[in-house]
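Working notes, beginning with the structure itself.
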Amino acid sequence: MRQLPLTLLAASLMFAIGSAHAATQTTVPAAAVKTAEQLRDKAMNDNTAYQIVESLTTEVGPRIAGGPADLRGREWAIAKFKALGFDKVYTEQVTYPLWERRSEHAAIVAPFPQPLDLIALGYSAGTPKGGLTAEVVRFDSLDALKKADPASVKGKIVYVDAHMQRHKDGADYAIGSGVRVGGPVIAAKMGAAAFLLRSAGTDANSRTPHTGVTGFTDPKDAIPAAALSNPDADQLTRILGFGKPVSVKLDLDVGFNGSYTGANVIGEVTGKKHPDQVVVIGGHLDSWDPGTGAIDDGAGVAIAMAAGKLIHDMPQRPDRTIRVIAFANEEMGLWGGRAYADKHASDVAKFQLGTESDFGARKIWLMTASVKPESRGAIEQIAKVLAPIGVDYDASKPGGGGSDLSQMHGKGMAALSLVQDGTDYFDYHHTANDTLDKIDPKELAQNVAVYAAFSYMAAQADGNFGSAPGAFKGDGAEE
């Protein structure tokens with residue numbers, strides 16, 4: 001065979017390499033992009049999600065995991081998926097510790113007697129019958145508590161007075177949740193009688209405390225733990241400023257009561273070409289008990305259900321299955337997400353792309369992604385479809401998949417993060433003020449537009465986004 005000239009040979013090799021590289025790229029066909037744009041525009045004027053969250057918060061109300069409304073919530077979700085026309089509706093069991101709240105009261109006993117507004121934290125121990133009275137010792141941060149001499153807190157009520165500020169991305173929640181989860185555990189190990197914190201919230205002027213979970217995993221290790229409303233925390237701090245010993249009485253009727261078996265509720269729109277490959281979206285069905293769980297996380301369930309419904313109602317089914325999950329017991333330790341990831345870890349390669357909505361109902365303004373490099377072009381195609389409705393794309397940051405689906409991401413699922421405007425989210429989060437009036441129907445519809453468009457494009461993509469066992473472990477995973 002006649003030898004090719006060197007320049008021609010080099011060009012041929014470059015063409016072959018380029019062709020092989022191009023073959024590995026994940027892209028979204030032009031027809032699917034156009035359809036996604038139509039889905040986006042339709043969703044922007046659709047009120048299905050608002051009707052869903054209105055139904056959930058009105059007909060079921062507060063949904064603390066294992067509480068009286070837990071089963072009602074599951075039955076509601078099953079019925080709603082069926083009413084919306086999902087092709088397949090089923091449940092998967094989730095078992096977790098049952099923690100119950102019955103009542104909570106507190107008061108400053110000395111030097112200036114007066115009541116305090118507070119709320120017990122998840123997995124808190126109850127106080128002895130008749131309550132617990134002890135001197136308060138204050139710390140301005142979790143780090144200060146960690147550095148304290150255990151003798152200075154033994155037998156006392158530890159009070160951590162850390163402040164959160166408003167941010168669009170909710171960045172200061174790392175401060176508040178860190179104190180709430182870790183503080184009680186540290187205080188208990190140091191011999192404290194009980195634990196108080198300034199609420200993990202940004203509503204400085206509202207006398208409404210924020211609940212949330214602690215880091216206790218064994219009832220034997222738990223101590224009474226509660227959150228003060230921000231104005232009550234201010235008052236306690238002022239009184240401590242007088243330099244006199246301050247005693248507080250806590251009366252918390254709460255605690256563990258065995259275990260409970262609930263369930264993740266799942267609805268699917270079956271793919272016509274690759275039904276075993278899934279794009280997974282969702283929210284968590286449980287809520288804390290003071291409010292009705294509208295923004296945390298009735299909105300997330302409604303967004304995912306409504307996006308699935310819009311795709312279901314198209315003339316043809318998507319190529320891959322759209323799976324919508326209403327997760328059980330996210331609030332007290334991601335139990336639904338962990339159970340789901342454990343059950344489906346061996347099938348992670350079949351998960352095309354996923355994310356969960358669990359940051360309220362304001363407009364989505366940012367998308368990030370953890371995907372294989374060869375699929376970044378497809379993510380950019382999705383970003384272009386979402387840009388006209390106000391969503392920016394930051395290719396430098398990973399995507400974690402949201403709260404529960406962070407667990408599947410940890411197993412290797414390619415994931416997005418679709419970040420809502422959280423400027424005022426922590427004004428209402430985990431409080432009695434988490435109610436339907438905080439949701440703007442138009443802003444909620446924008447969320448549905450984002451979820452419907454991205455889900456459809458991922459389902460129609462030529463190629464995958466890199467899901468594989470261990471592919472993204474530790475990359476953007478969220479707790």
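The shown structure was predicted, so the numbers you read here are calculated from the model rather than taken from an experiment.
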Query raised in the report: Using 30° and 60° as the class limits, which term best fits the ring planes of Tyr340 and Phe327: parallel, tilted or perpendicular?
Result: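 Correct class here is perpendicular.
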Requested in this report: Could you check whether the rings of Tyr260 and Tyr96 sit parallel, tilted or perpendicular, using 30° and 60° as the cut-offs?
Outcome: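 Judged by the thresholds at 30° and 60°, the geometry between Tyr260 and Tyr96 is tilted.
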Query raised in the report: CD1 of Ile281 to CD of Glu356: how many Å apart, nearest 0.5 Å?
Result: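 Rounded to the nearest 0.5 Å, the CD1-CD separation comes to 10.5 Å.
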Query raised in the report: Measuring from Glu75:CD to Glu59:CD, what's the distance to the nearest 0.5 Å?
Result: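 Spacing of CD (Glu75) from CD (Glu59) equals 12.5 Å.
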Requested in this report: Check whether any side-chain N or O of Arg40 sits under 3.5 Å from a backbone N or O of Ala453 as a donor-acceptor pair, and report yes or no.
Outcome: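 Side chain of Arg40 to backbone of Ala453, a donor-acceptor pair under 3.5 Å: no, none is there.
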Query - Any donor-acceptor N/O pair, Asp462 side chain to Val28 backbone, under 3.5 Å - result: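 Not confirmed, Asp462 side chain does not pair with Val28 backbone.
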Looking at [Y] and [X], is any side-chain nitrogen of the basic one under 4.0 Å from a carboxylate oxygen of the acidic one?
{"X": "Lys411", "Y": "Asp342", "value": "yes"}
{"X": "Asp46", "Y": "Lys42", "value": "no"}
{"X": "Glu374", "Y": "Arg376", "value": "no"}
{"X": "Asp87", "Y": "Arg317", "value": "yes"}
{"X": "Lys442", "Y": "Asp440", "value": "no"}
{"X": "Asp421", "Y": "Arg362", "value": "no"}
{"X": "Arg63", "Y": "Asp70", "value": "no"}
{"X": "Lys363", "Y": "Glu443", "value": "no"}
{"X": "Arg166", "Y": "Asp424", "value": "no"}

Query raised in the report: Who are the ring-ring contact (aromatic ring centres under 6.0 Å, His included) partners of Tyr50, not counting sequence neighbours?
Result: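 Checked Tyr50 against ring-ring contact (aromatic ring centres under 6.0 Å, His included); zero matches.
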Query raised in the report: Taking only residues two or more places apart in sequence or in another chain, which ones pass ring-ring contact (aromatic ring centres under 6.0 Å, His included) with Phe454?
Result: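 In terms of ring-ring contact (aromatic ring centres under 6.0 Å, His included), with neighbours along the sequence ignored, Phe454 is linked to Tyr451.
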Requested in this report: Please examine the side chains of Val278 and Arg320, heavy atoms only from C-beta on, and report whether any two atoms are closer than 4.5 Å.
Outcome: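 Result no, sub-4.5 Å side-chain heavy-atom pair not found.
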Between the side chains of [X] and [Y], is a donor N or O closer than 3.5 angstrom to an acceptor N or O?
{"X": "His210", "Y": "Arg180", "value": "no"}
{"X": "His284", "Y": "Asp358", "value": "yes"}
{"X": "Thr202", "Y": "Asp427", "value": "yes"}
{"X": "Thr261", "Y": "Thr95", "value": "yes"}

Query - Close aromatic pair by centroid cut-off 6.0 Å: Phe426 and His167 - result: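 No: the rings miss the under 6.0 Å criterion.
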Query - Asn447: partners by side chain to side chain contact (heavy atoms under 4.5 Å, CB included), with sequence neighbours left out - result: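 In terms of side chain to side chain contact (heavy atoms under 4.5 Å, CB included), with neighbours along the sequence ignored, Asn447 is linked to Ile303, Ile364, Gln420.
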Query raised in the report: Going through the checks in order, is the side-chain hydrogen bond (donor to acceptor under 3.5 Å, both in side chains) test met by His312 and Glu268?
Result: CA-CA 9 Å; His312 167 275; Glu268 293 185 353; over 6 Å; no
